[in-house]
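These numbers were taken from a predicted model, which means no experiment stands behind them.
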Amino acid sequence: MSEIKLLTGNEAVVHGALAAGCRCYFGYPITPQNAIPELMSQLLPAAGGQFVQAESEVASANMLLGAAATGTRAMTSSSSPGISLKQEAISYMAASHLPGVIVNMNRGGPGLGDIGSSQGDYFQSTRGGGHGDYRTLVLAPASCQEAYDMMIQAFDLAFKYRNPVLVLGDAIVAQMKEPVKMWKPEPVSSDEAAEWRLEGAAGRESRVIMSLYLAEGALAQQNRNLVAKYEAMRAEVGAETYETADADLIVVAYGSIGRIAKSSVRRLREQGHKVGLVRPLTLYPYPDKMLENLAAQGKKFITIEHNTGQMVEDVRLAVRRYTDSSFFGYMPGNMPASEDFMEPILKALE
Amino acid sequence: MSNKYIDVIIAGFGGQGVMLIGNLLAYSGMESGLNVTYMPEYGPEMRGGTANCTVVVASEEIGSPIIKTPKSLIIMNQPSLDKFLPRIEQGGLAVVNSSLVDCSGADVRNARIVQVPANEIADQLGNAKMANMVALGAYIESTGALSMEVVSRALKNVIAPHYAHLIPKNAAALEAGAEYVRKNMQV
Amino acid sequence: MSVHQNEELVFSAPKLMADKPTHYCPGCHHGTAHRLVAEVLEEMNLPEETICIGSIGCSVFIYNYMGLDAVEAPHGRAPAVATGVKRSRPDRIVFTYQGDGDLASIGLAEIMHAANRGERITIIFVNNTVYGMTGGQMAPTTLIGQKTTTTPGGRTLESEGAPMKMAEIIATLGGCAYSTRVALDTVPNIRKAKKAIRHAFEVQRKELGLSFVEILATCPTNWRMDAVTANKRLTEEMIPAFPLGVFVDAVAEAKEGA
């Protein structure tokens, strides 16, 4: 039987990563994710792995790139301003077809913002984030259990697609404590990267992992290959649905805001209102087909976010043939509660 | 099993141990087989500032871990009373540390106020730092939400191993808070 | 290359080097530096356990010329990438090959901290006092008075500061086990350079810390000179400004201490 522990989201990330076979962690201090490097520095060396507090976010992401090139399960974590600095390496990793896991405990922005919760990094997370035409898989945990589970999923997906995977939490998920069932997946095969990893060219042709394509037509082909990979990733789309079947109005919200909105939806149901919830578990790929199908049934939509309106663009794109989505943005600076969403949902229902 | 749901904001000065009893309540809920969330909120100061946390314990899945209109409060100092009492749900329960908090000016509306001189009771037990445990004991008794036995057993999760010898004293403080409520309040 | 009857092969390229022309300009020293690295790795029997970290600049294509497993690092980040490679595969030999803009400007934090942590990696640092690939802009190592495309009147101390002496700077950092500066202007200096490169890989194999070899090299194209004049400039202007020598050597110190 799996052990159940009361963990913060930050701690759940660490335990999930270790369960997933993470061997290297590279990071840099920034609130509200400091518990991740702190706990990693205790647990990872004890488990035979490597922990490095890097000189910068830039360096830590490039260390991740290096570890990934050897086919090693490795990760970095940070919060919004630090994630901006990691974008260089993330772009190179995507271009070099390298797997790695990056955790972002989203805080308030832009700039230094604050250390509270926010969903202001949705665009950055789902549109690639750095330069060039690429995507990262994005998973959005709403609970400490999901933070644990999604770390395991993130490592598997990173190696399945040889692509960076972003786990996008926020200051609420990072600091909240919940019971976490610490299940252990099947151990990772030591051959999972045998076909491409760098280890010295003994008994075979040498391998080069790179992202520079100067030959005629080579970069076009590289981009076509990337697009094909992103198409294949659509198979990984996931979302939680709640009371959608007979709902007149669908609330779309992700991460911590998704679970808070679920409380609002539950209360409104108790009051007899026909509302439902879709909470995307993957932000890239996005559950647009599911939303489109709900829209085709004549339902209305409201998107609720902890920002000034980012994911709402994806909802509108998904439902555009049938309807629109209204939007309620809870500004960063404070944490919302379910009461805050009741009125906007009721208004959208009218 | 009937649906069980409690939520509480525990608030006081930094250093009064409000996070500790929040954790203890969360562990107790977990060890009772219930869903729990614990959400800390610190003031900008590390020491001597304000601190509060929100704990939800429920048999059903918990949506929001953040509660603006709490069903109950544990209030350890005056600023916390001023901040959180106006938000309490109609008919909610507030356990107030009357050693440090004066309720006379407060708008108590329909809230049920349980005043417990937590610092004095803790002093009598020989350790004023355990006022937090006295308050939690009073809360457990007033709500009947969880068994005191489970809470006492959960102490080992929140008290560092090198302070393990203090667990019986903490358990006694929990019990003293409960005892005060049994003697002085109509429950 | 085939050897005809009655001919004796007295000099050949290391097998590790690809048998094809490089893209380097006539008189550029990158080819020589590549060759020295390849010779050393081959002589030490290391190619099959070595991972090369390429950097951004003219030498980005090093992986086309040496049959090594290699990864391309973003500009300046090669020591961080090498850290990730070495930490995940401590049993492998790991080296970066970086130019002066890459290492001493945009990548200064990465090289300083990799050296300070004493990463068990080798840094081959080619200093030719300009950004080569982008067309001859000022580098951190550009000499005072040197004209570049971004210092058309010549570098001045007042405005652009002094050229950075990386081998000396790196030698001051706690985890650096070997730091030296060599040059490729003469045959004796090339021989010394090869010895230094070999020593650097030996230091790595002994897990003593980071080893750093600064190689003074020419860039005739961006210096607007022919190859011979460029070589002369290296001897007469660069070496006086960047003294050759060993600035730290944990192996020698251990011997002295013994």
Atom [atom1] of [X] and atom [atom2] of [Y]: how far apart are they, to the nearest 0.5 Å?
X: Asn157(B); Y: Lys5(A); atom1: CG; atom2: NZ; result: 10.0 Å
X: Ile62(B); Y: Ile260(A); atom1: CD1; atom2: CD1; result: 12.5 Å
X: Ile4(A); Y: Glu31(B); atom1: CD1; atom2: CD; result: 10.5 Å

If I compare all heavy atoms of [X] with all of [Y], which pair ends up nearest, and what's the gap?
X: Ala337(A); Y: Lys68(B); value: CB-CG, 3.1 Å
X: Ala171(A); Y: Met39(B); value: O-CE, 4.3 Å
X: Met30(B); Y: Pro179(A); value: SD-CB, 3.5 Å

Does any heavy atom of chain B fall under 4.5 Å from the side chain of [X], the backbone, both, or neither of them?
X: Ala174(A); value: neither
X: Glu178(A); value: both
X: Ile172(A); value: both

In this structure, are over 12 heavy atoms from other groups packed under 6.0 Å from [X] atom [atom1]?
X: Gln271(A); atom1: CD; result: yes
X: Lys184(A); atom1: NZ; result: yes
X: Tyr5(B); atom1: OH; result: yes
X: Lys156(B); atom1: NZ; result: yes

SB check Glu61(B) Arg266(A) (cutoff 4.0 Å):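 Counted as a salt bridge, because a side-chain N and a carboxylate O are separated by less than 4.0 Å.
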Heavy-atom distances under 4.5 Å only: say whether Asn35(B) touches chain A with side chain, backbone, both or neither.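 Interface part for Asn35(B): neither.
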Among Met176(A), Glu339(A), Lys177(A), Met335(A), which residue forms the greatest number of heavy-atom pairs with chain B at distances under 4.5 Å? Lys177(A)
Does anything in residues 140-154 of chain A get under 4.5 Å of chain B by heavy atoms, and if so which residues?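 Residues of residues 140-154 of chain A touching chain B at under 4.5 Å: none.
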Could you check whether any side-chain N or O of Ser263(A) sits under 3.5 Å from a backbone N or O of Ser64(B), counting only pairs where one atom can act as donor and the other as acceptor? yes
